[in-house]
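Naming: A, B, ... by sequence-line order, numbering from 1 per chain.
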Amino acid sequence: MQERYEPAAVEAEAQQFWDQRRCFEAKEDSGREKYYCLSMFPYPSGRLHMGHVRNYTIGDVLARFMRMNGRNVLQPMGWDAFGLPAENAAMANGVPPAKWTLDNIAYMKGQLKSLGFALDWSRELATCLPEYYRWNQWLFLRMLEKGIAYQKTGVVNWDPVDKTVLANEQVIDGRGWRTGALVEKREIPMYYLKITAYAEDLLDALGNMPGWPERVRAMQANWIGKSVGVRLGFPYDIAGLGAGVLHAFTTRVDTLMGVTFCAVAAEHPLAAHAARNHPKLAAFIEECKRGPAIESELATQEKKGMPAGLMVRHPISGEAVPVWVGNYVLMSYGDGAVMGVPAHDERDFEFAKKYHLPIKPVIDLLGREYSLQQWAPWYAEHGRCINSGAYDGLEFQTAVDSIAADLSRLNLGEKRTTWRLRDWGISRQRYWGCPIPVIHCGTCGTVPVPDEQLPVVLPVDLVPDGSGNPLLKDAAFLEVPCPRCGAAARRETDTMDTFVDSSWYFLRFACPDNHRAMLDSRVQYWLPVDQYIGGIEHAILHLLYSRFWTRVMNELGSVAFKEPFANLFTQGMVLNEVFFRRPESGRVEYFNPADVEVTLDQGAQRRVTVLRCDGKEVESGGVVTMSKSKNNGVDPQALVDEFGADTARLFTMFAAPPEQTLEWSDEGVQGAYRFIKRLWKAVHDHVTQGAPSTLDKSALTDEQRAIRRQAHHTLAKITDDIGRRRTFNTAIAAAMELLNALAKFSQSSRQDRAVMHEALEIAVLGLSPIIPHVTHALWRALGHTTALIDESWMPVDAGALQTSSIAMVVQVNGKLRGHITVAVGADEGTVRAAALADSHVQKFIGEAAIRKVIIVPGKLVNVVV
RNA sequence: GCCCUCGUGGCGGAAUCGGUAGACGCAACGGACUUAAAAUCCGUUGAUCGAAAGGUCAUCCCGGUUCGAGUCCGGGCGAGGGCACCA
């Protein structure tokens, strides 16, 4: 065995070994229990980032651990290959998105291989290839047939200069990112998937998903947003519009008698009608439409409104109620109108104060004093009706029931459940995506592409130039005969949201080579995914869409289950310090931490941060998420090149628990590297002394027994930490402790060497899921002729853990006062006597009478005086 | 605004079911080896009082439950994340 640890050679050797034996190619085997371990597939942006390294290392540790515990493990990898960045790169470099994407995939695949992940590359897939996305199209057609996919108009951001639709991220302060033109909103026809039809089931099932983190389930439940309430009507008879009813939804119909106005969204038909002869209102409506579409901005913006000059009638009292147009009313939720009860809704209160609308309290809470001057949180709580005529004195539920019944009798309302969840708009006016398989014919209208004409192949040689979807100028793609009448027709140029691609890729990994069907029976063996691992940022959309998609496929009979991911693990973000300079004029300039020299002033009192190239000082902006915009990313490749994949893996697993944020630290990487070197040296020093003799468990000294106990305790802890707790950082810490103990263990006898040998095997095997390359080499060095990857996880020797005596602590009134050693299994009387006999304990008891003695077996004694 | 998560030494973090607070690592300091440096190895390291034994204080703040609270409950303060065309 070589004395020096050389990661490059060790890792190349191990990777070659696994590759040649095809160790990680998974085969269906009904006789073995499967384990489908999946990390979220990457977008091929060009290079791996530290978030990928973290994500895939977590998955790899679990996959390797489960493999050694006898499971038939599938760990596949693919590429989420459609998307906007490829178009941006194409515009910047004049390269077609297809070439850019495939080049990136080739490079990143090499990076993944160099990190030594136990991936089954025979199942690799990329969503931008027709063999994959044709099944998007196929299933979309099935959804069209079933009415799950349908067409309606939707609002998009329109850049009037580039004449193109912009993504939200391409709109900066209301202007197009390239042209700087004021962005307009446009209504265009789009395809939607009816996810709302599954809202109830998607919500209910969350209650029975113990393998998902509580917070993710809470986020999804919130997103689905079930509200139980009443949809009620305010009748009107308006000149030029005639008689009608303004519908509004409320969860607080018990406050109905407190209504002093109604507010409608800018896009509401009543608003449009009122604006006809009212230029100021029309201008205000335009202003609202230009306003934020994002909920967070909508919720924080100043509430503005304008009277529409129209009146509706209160459904119960018949009183006239003024209609306002409000910028805080969402057309997309409910009916785009709300009843205004300023006394009991904070937003309405703010609105009423601003525009001097009457506030009428109608709920009483234990006689608390209502002040019209200022809002108090209790105003919104449930209470007893007052100032409400026939409903006075009723509690919340009876008031709701009674008012709903009256509204129903008047034909002006009914109980209704509303959802925050909206149907999923999947049309994107972009080139680099999966074509939506429909054809527009002048006579037949919109015609689905027949199955036998699938896939609708996206041309791969176009280069977008920012002036809209290049498919619109591609005659070869565009011009097509109508499948129904044969006349000249036009192919749809919209492509699908990339979330469609990622909503079912985990199913396709079971059968990526099937060119005749989307899925086959192998899905039944591998699915559902046993462990899914990914960033918390996907907690809502991707995971919800995948659950929806799986339900649709379940209905179509393609899969036998409804939930695709049995267990979900959400890893934390990777953070790093950010450095910048703020020039007197111009924008803040960020510097990569790799280019910044950090030194400590005398006595480590002050940190000095200077840019290497010019030696001048830069400011530190604290520790934040690694991102391109802050230029604080660390290139994993540089790390692998300098220290090896094992160090990169060890550092990311050790520096923080996997679910929490991870702070980058150059020194921490050094520490990880140092530990691997120590492990290497420990094995080297041991094996150079020759083969050890066999261990005689019956003839151990106390010291030998202590080492064995610690070794097996470490094994038990690593097994539990990886297998159950998923705290890889503490598993590594335990292994470090063992190595520290072994360094102090002086060896003189043959038996010493046998104990050492066993302990080193435990350390090497226990760490192998985390640092597989170096342990592969060390296992051989320890005399094994078989490969570590094929080894079974080692069982803990219960006998090694046994002790004859045990240390306990003694407290007096909950404060630590002494230590005692008692025999294992000593009865309470003995333990009590030993505790009270301790001289230091006696000092603190003094003359006081003992009121109680609490004994926690094997742990502590608390004497209460 | 709404929802979620988290506040422990100089720093990252540990304490798994309410039971010894600070494991493990980093940094720092002292020492060994070396012509020297790097690497490596050994030791010290929450604060404070004390010569020492040992005491006292200490897990963001205030209050509660308990023999016992970093952990549970209530209130406050602070930080981070998510919020439908980025993936």
Side-chain angles (χ1 to χ4, degrees), chain A residues 40 42-43 45 80 82-85 88 154 156-157 165-171 213-216 218-219 221-223 225 293-301 328 332 346-347 420-422 424-430 497-499 502 535-542 544 572-573 575 600 603-604 622-625 651 654-657 659-672 674-675 677-678 681 717 720-721 724-725 727 729-730 732-737 740 743 807-816 819 840 851-854 856 859-865:
Chain A
M40 290 179 182
Y43 177 79
S45 56
D80 189 11
F82 275 135
L84 197 55
N88 295 341
V156 294
N157 303 307
V165 174
L166 298 177
N168 279 349
E169 84 161 1
Q170 296 172 322
V171 180
E214 181 64 46
R215 64 170 162 156
V216 174
M219 281 162 89
N222 228 285
W223 186 255
I294 296 166
E295 190 179 330
S296 57
E297 291 175 32
L298 211 57
T300 43
Q301 73 178 347
Y328 67 100
S332 53
E346 192 170 0
R347 279 180 314 182
R420 212 183 73 96
L421 182 69
R422 305 202 294 265
W424 174 14
I426 59 157
S427 297
R428 298 290 181 270
Q429 296 69 41
R430 294 213 200 112
D497 181 3
T498 58
F499 276 118
S502 56
I536 185 73
E537 66 273 22
H538 294 287
I540 299 174
L541 293 183
H542 162 59
L544 191 65
M573 306 265 198
L575 317 180
L600 290 176
V623 178
V624 301
T625 315
F651 169 72
F654 180 63
E659 258 183 311
Q660 284 173 36
T661 56
L662 170 81
E663 275 186 38
W664 180 260
S665 150
D666 286 324
E667 294 78 18
V669 173
Q670 289 285 348
R674 198 174 300 150
F675 173 71
K677 282 193 289 186
R678 287 185 66 203
K681 186 171 184 299
K717 176 145 179 69
D720 189 48
D721 283 353
R724 180 184 62 91
R725 293 213 304 153
T727 52
N729 54 326
T730 53
I732 295 164
M736 287 173 166
E737 279 183 84
N740 289 344
M808 293 178 74
V809 298
V810 185
Q811 299 178 334
V812 177
N813 284 343
K815 287 202 171 179
L816 178 65
H819 300 266
H840 200 242
R851 298 217 326 256
K852 207 198 273 188
V853 176
I854 289 151
V856 182
K859 280 223 168 111
L860 65 69
V861 181
N862 188 14
V863 182
V864 186
V865 296

Worksheet entry | Integer-rounded Å distance: B:rU66 C1' and A:I854 CD1 | 9 Å
Item to complete: Look at the side chain of A:E667 and decide which nucleotide, out of B:rA23, B:rG25, B:rC26, has an atom nearest to it.
Response: B:rC26
Practice prompt. Return the orientation label for the A:W664 and A:F651 ring planes: parallel under 30°, perpendicular over 60°, tilted otherwise.
Written response: perpendicular
Worksheet item: Of the nucleotides B:rA87, B:rU20, B:rC24, which one has an atom closest to the side chain of A:H819?
Response: B:rU20
Practice prompt. Establish, with yes or no, whether the OP1 or OP2 oxygen of B:rU40 is under 4.0 angstrom from a side-chain nitrogen or oxygen of A:K677.
Written response: yes
Worksheet, complete the sentence: Correct closest heavy-atom pair for A:L662 and A:A655 would be CD1-CB, 3.3 Å
Discussion item. Is it true that A:N813 and A:R851 share a donor-acceptor pair across their side chains at a distance under 3.5 Å?
Written reply: no
Item to complete: For A:V216 and for A:A743, locate the closest nucleotide of RNA chain B by heavy-atom distance; then report the residue assigned to the nucleotide nearer the 5' terminus.
Response: A:V216
Discussion item. Check this one for me: any side-chain N or O of A:R428 less than 4.0 Å away from OP1 or OP2 of B:rC85?
Written reply: yes
Worksheet item: If the P atom of B:rG18 is compared with that of B:rG70, how far apart are they to the nearest Å?
Response: 13 Å
Worksheet item: What pair of heavy atoms forms the shortest contact from A:M40 to A:G535, and how long is it?
Response: SD-N, 3.9 Å
Worksheet item: With both distances under 3.5 Å as the test, what is the Watson-Crick or G-U wobble partner of B:rU40?
Response: B:rA32
Worksheet item: Going from OG1 on A:T498 to CZ on A:R430, what distance comes out if it is rounded to the nearest 0.5 angstrom?
Response: 7.5 Å
Discussion item. Only pairs with both distances under 3.5 Å count, Watson-Crick or wobble alike; so what is the partner of B:rU16 in this structure?
Written reply: none
Worksheet item: Could you state the CZ-P distance from A:F499 to B:rA84, rounded to the nearest angstrom?
Response: 11 Å
Worksheet item: Given the C1' atoms of B:rG19 and B:rC6, what is the spacing between them in whole Å?
Response: 25 Å
Worksheet item: Looking only at heavy atoms, which two atoms of A:V861 and A:M808 are closest? And how far apart?
Response: CG2-CE, 4.0 Å
Item to complete: Could you check whether A:K681 gets within reach of a base, just the sugar-phosphate, or nothing at all, counting any heavy atom under 4.0 Å?
Response: nothing
Discussion item. Under 3.5 Å, is there a donor on one side chain and an acceptor on the other for A:S502 and A:D80?
Written reply: no
Discussion item. Measuring to OP1 and OP2 of B:rA84, would you say a side-chain N or O of A:H542 lies under 4.0 angstrom away?
Written reply: no
Discussion item. Using atom P in both nucleotides, what's the gap between B:rG64 and B:rA58 to the nearest angstrom?
Written reply: 15 Å
Discussion item. Mind checking if A:V156 touches a base, just sugar-phosphate, or nothing, with heavy atoms under 4.0 Å?
Written reply: base
Worksheet item: Is a donor-acceptor pair below 3.5 Å formed from side chain A:N862 to base B:rC67, judging by atom type as modelled?
Response: yes
Practice prompt. Please measure how far the P atom in B:rG9 lies from the corresponding atom in B:rG82, and state the result in whole Å.
Written response: 26 Å
Practice prompt. Can you tell me the pairing partner of B:rG68 across any strand shown, Watson-Crick or G-U wobble, with both distances under 3.5 angstrom?
Written response: none
Practice prompt. Tell me what A:G671 touches on the nucleic acid: a base, only sugar-phosphate, or nothing, going by heavy atoms under 4.0 Å.
Written response: sugar-phosphate
Practice prompt. Before giving the answer on side chain to side chain contact (heavy atoms under 4.5 Å, CB included), spell out for A:I732 and A:M736 the whole-Å C-alpha distance, their side-chain angles and the decisive distance to 0.1 Å.
Written response: CA-CA 6 Å; A:I732 295 164; A:M736 287 173 166; 3.9 Å; yes
Worksheet, complete the sentence: Of A:R215 and A:F82, the one whose nearest nucleotide on RNA chain B sits closer to the 5' end is A:R215
Worksheet item: Below 4.5 Å, heavy atoms only, C-beta onward: do A:F499 and A:I426 meet side chain to side chain?
Response: no
Response to the item:
Syn within 90° of 0, anti beyond: B:rC17 is syn
Worksheet item: Can you tell me how far C1' of B:rC17 sits from NZ of A:K859, to the nearest Å?
Response: 9 Å
Worksheet item: Across all strands, who's sitting opposite B:rG10 as a Watson-Crick or G-U wobble pair, both distances under 3.5 Å?
Response: B:rC26
Item to complete: For residues A:K717 and A:R725, report the shortest heavy-atom separation together with the two atoms involved.
Response: NZ-NH2, 3.5 Å
Worksheet item: Under 4.0 angstrom, heavy atoms only, what part of the nucleic acid is A:D80 near: base, sugar-phosphate, or nothing?
Response: sugar-phosphate
Worksheet item: Can you tell me how far P in B:rA27 sits from the matching atom in B:rU40, rounded to whole Å?
Response: 10 Å
Item to complete: Would you indicate which nucleotide in B:rC24, B:rG19, B:rG82 comes nearest to any side-chain atom of A:A733?
Response: B:rC24
Worksheet item: So what does A:Q811 touch, heavy atoms closer than 4.0 Å: a base, only the sugar-phosphate, or nothing?
Response: base
Worksheet item: Reckon A:Q429 touches a base, only the sugar-phosphate, or nothing at all at heavy-atom distances under 4.0 Å?
Response: base
Worksheet item: Is A:R674 near enough to B:rU40 that one of its side-chain N or O atoms lies under 4.0 angstrom from OP1 or OP2?
Response: yes
Fill in: Beyond-backbone contact of A:D497 with A:W424, side-chain heavy atoms, under 4.5 angstrom
yes
Discussion item. As a test of the definition: with a 90° window around 0 for syn, would you call B:rG25 syn or anti?
Written reply: anti
Discussion item. Looking at every heavy atom in both A:R420 and A:N222, which two are closest together, and how far apart are they?
Written reply: NE-O, 3.5 Å
Worksheet entry | Which nucleotide in B:rA23, B:rU20, B:rA84 has an atom nearest any side-chain atom of A:E737 | B:rA23
Item to complete: Find the distance A:K852:NZ to B:rG68:P and express it as a whole number of Å.
Response: 9 Å
Worksheet entry | Pairwise P distance for B:rA47 and B:rU59, with rounding to whole Å | 15 Å
Worksheet item: If the P atom of B:rU5 is compared with that of B:rC24, how far apart are they to the nearest Å?
Response: 32 Å
Worksheet item: When you compare B:rU44 with B:rG22, how far apart are their P atoms, in angstrom units rounded to a whole number?
Response: 15 Å
Discussion item. Over all strands shown, is A:R724 touching base, sugar-phosphate only, or nothing at heavy-atom distances under 4.0 angstrom?
Written reply: base
Item to complete: Please give the nucleotide sitting opposite B:rA58 as a Watson-Crick or G-U wobble pair, both distances under 3.5 Å, or none.
Response: none
Worksheet entry | Between C1' of B:rG18 and CG of A:L860, the distance in whole Å | 11 Å
Worksheet item: Can you tell me how far P of B:rG22 sits from CG of A:L816, to the nearest Å?
Response: 10 Å
Worksheet item: Looking for any heavy atom pair under 4.0 Å, which part of the strands does A:S45 touch: base, sugar-phosphate only, or nothing?
Response: nothing
Atom pairs, N/O to N/O, protein against nucleotides 11-14 of chain B, distance under 3.5 Å?
unit_1: B:rG12; atom_1: O2'; unit_2: A:A655; atom_2: O; d: 2.7
unit_1: B:rA14; atom_1: OP1; unit_2: A:N729; atom_2: ND2; d: 3.2

Item to complete: Starting at atom NZ of A:K717, determine the distance to atom P of B:rC24, rounded to an integer number of angstrom.
Response: 13 Å
Practice prompt. Would you classify A:V864 as touching base, sugar-phosphate or nothing, given that sugar-phosphate means primed atoms plus P, OP1 and OP2, and contacts are heavy atoms under 4.0 Å?
Written response: sugar-phosphate
Fill in: Watson-Crick or G-U counterpart of B:rA79, or none if no pair lies under 3.5 Å
B:rU5
Discussion item. Rounded to whole Å, how long is the line connecting atom CG of A:L541 with atom P of B:rC85?
Written reply: 7 Å
